[in-house]
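This report concerns only the one structure given below.
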Amino acid sequence: QVQLVESGGGLVQAGGSLRLSCAASGSIFSTMGWYRQAPEKQRELVATIASGGSTKYADSVKGRFTISRDNAKNTVYLQMNSLKPEDTAVYYCNAVGRFDWNSYWGQGTQVTVSS
């Protein structure tokens, strides 16, 4: 059974930092990434990273967020610096299975940035 477990969310003041972690198990994964969904808004891509290390970022987070992964641990991270109130959202971990090409999701972790 594939399982993705996020951690690291919380409450932080504007300008602060948080690091999210997502531990995946049950398969081997190609692309892993982070998405977020704010109240009354659609879920949007934040950042992705391929198994070989290639990364993509949403324009709104470039220069502030850094995605990384530890393939040996099947874990993906999101370092979030210079946080803004508009970053407030539930952040979801995503992973694509190499064998079945299915997209798997974690339960999400709340990030709240106060002004």
Side-chain angles (χ1 to χ4, degrees):
Q1 292 271 38
V2 172
Q3 186 174 18
L4 279 63
V5 180
E6 302 104 329
S7 62
L11 175 64
V12 65
Q13 291 185 339
S17 299
L18 286 172
R19 190 174 87 146
L20 306 183
S21 299
C22 173
S25 62
S27 187
I28 299 174
F29 305 100
S30 54
T31 301
M32 302 181 73
W34 293 92
Y35 294 70
R36 67 187 182 188
Q37 188 166 21
E40 306 299 326
K41 291 197 172 185
Q42 295 181 341
R43 187 173 298 185
E44 65 176 347
L45 183 148
V46 177
T48 63
I49 182 167
S51 59
S54 179
T55 59
K56 293 183 179 179
Y57 295 92
D59 288 342
S60 60
V61 307
K62 285 182 178 178
R64 300 189 297 120
F65 292 8
T66 303
I67 189 169
S68 61
R69 66 189 286 173
D70 185 336
N71 290 330
K73 295 182 177 181
N74 247 4
T75 301
V76 63
Y77 306 92
L78 186 68
Q79 179 66 47
M80 304 185 294
N81 298 327
S82 301
L83 283 162
K84 304 174 181 179
E86 49 263 45
D87 294 318
T88 296
V90 177
Y91 284 70
Y92 296 91
C93 181
N94 173 264
V96 178
R98 286 183 182 176
F99 302 134
D100 59 14
W101 293 6
N102 285 342
S103 183
Y104 298 96
W105 296 91
Q107 291 184 324
T109 184
Q110 177 71 47
V111 172
T112 302
V113 184
S114 62
S115 59

**Study point:** salt bridge (Lys or Arg N to Asp or Glu O under 4.0 Å) assessment of Asp59 paired with Lys62
**Key:** CA-CA 5 Å; Asp59 288 342; Lys62 285 182 178 178; 3.3 Å; yes
Point to revise | Asn94/Ser103 under side-chain contact (heavy atoms from CB on, under 4.5 Å): CA gap, chis, key distance, verdict | key: CA-CA 7 Å; Asn94 173 264; Ser103 183; 2.6 Å; yes
Exercise for review: Apply the test side-chain contact (heavy atoms from CB on, under 4.5 Å) to residues Cys93 and Trp105: give CA-CA distance (whole Å), side-chain angles for both, the deciding distance (0.1 Å), then the verdict.
Suggested key: CA-CA 6 Å; Cys93 181; Trp105 296 91; over 6 Å; no
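Residues Met32 and Leu4 form no side-chain contact, since every pair of their non-hydrogen atoms from C-beta on lies 4.5 Å or further apart. Contact check for Phe29 versus Tyr104: side-chain heavy atoms found under the 4.5 Å cut-off. Within the 4.5 Å cutoff, the side chain of Phe65 has heavy atoms near those of the Leu83 side chain. A 4.5 Å side-chain heavy-atom check between Glu6 and Leu20 finds every atom pair outside the cut-off. A 4.5 Å side-chain heavy-atom check between Arg98 and Ser27 finds every atom pair outside the cut-off. Contact of the Tyr77 side chain with the Thr66 side chain is not registered, since no non-hydrogen atoms from C-beta on lie closer than 4.5 Å. At least one side-chain heavy atom of Val111 sits under 4.5 Å from a side-chain heavy atom of Met80. In this structure, the side chains of Ser60 and Glu86 stay at 4.5 Å or more apart for every pair of heavy atoms.
When the side chains of ILVMFWY residues are joined at heavy-atom separations under 4.5 Å, either directly or via intervening members, Val96 and Val5 end up in two distinct hydrophobic clusters. Both Tyr91 and Tyr57 are part of a single hydrophobic cluster, where members link through side-chain heavy atoms under 4.5 Å apart. Val61 and Tyr92 sit in two unconnected hydrophobic clusters of ILVMFWY residues. Membership requires side-chain heavy atoms under 4.5 Å apart, directly or through other members.
Taking every heavy atom of both residues into account, Ser30 and Arg69 meet most closely at O-NH1, 2.6 Å. Smallest separation of non-hydrogen atoms from Ser115 and Ala14: CA-CB, 4.5 Å. Residues Ser17 and Asn81 come closest through the heavy atom pair OG-OD1, 2.9 Å.
Each of Thr88, Val113, Thr112 was checked for a side-chain contact (heavy atoms from CB on, under 4.5 Å) with Val12, and the lone residue meeting it is Val113.
Note: Arg36 CZ to Arg43 CZ = 13.0 Å, rounded to the nearest 0.5 Å. Of the inter-residue distances, the one linking Gln79 atom CD with Ile67 atom CD1 reads 12.0 Å to the nearest 0.5 angstrom.
Heavy atoms from other residues, nucleotides or ligands lying under 6.0 Å from CD of Gln107 number 12 at most.
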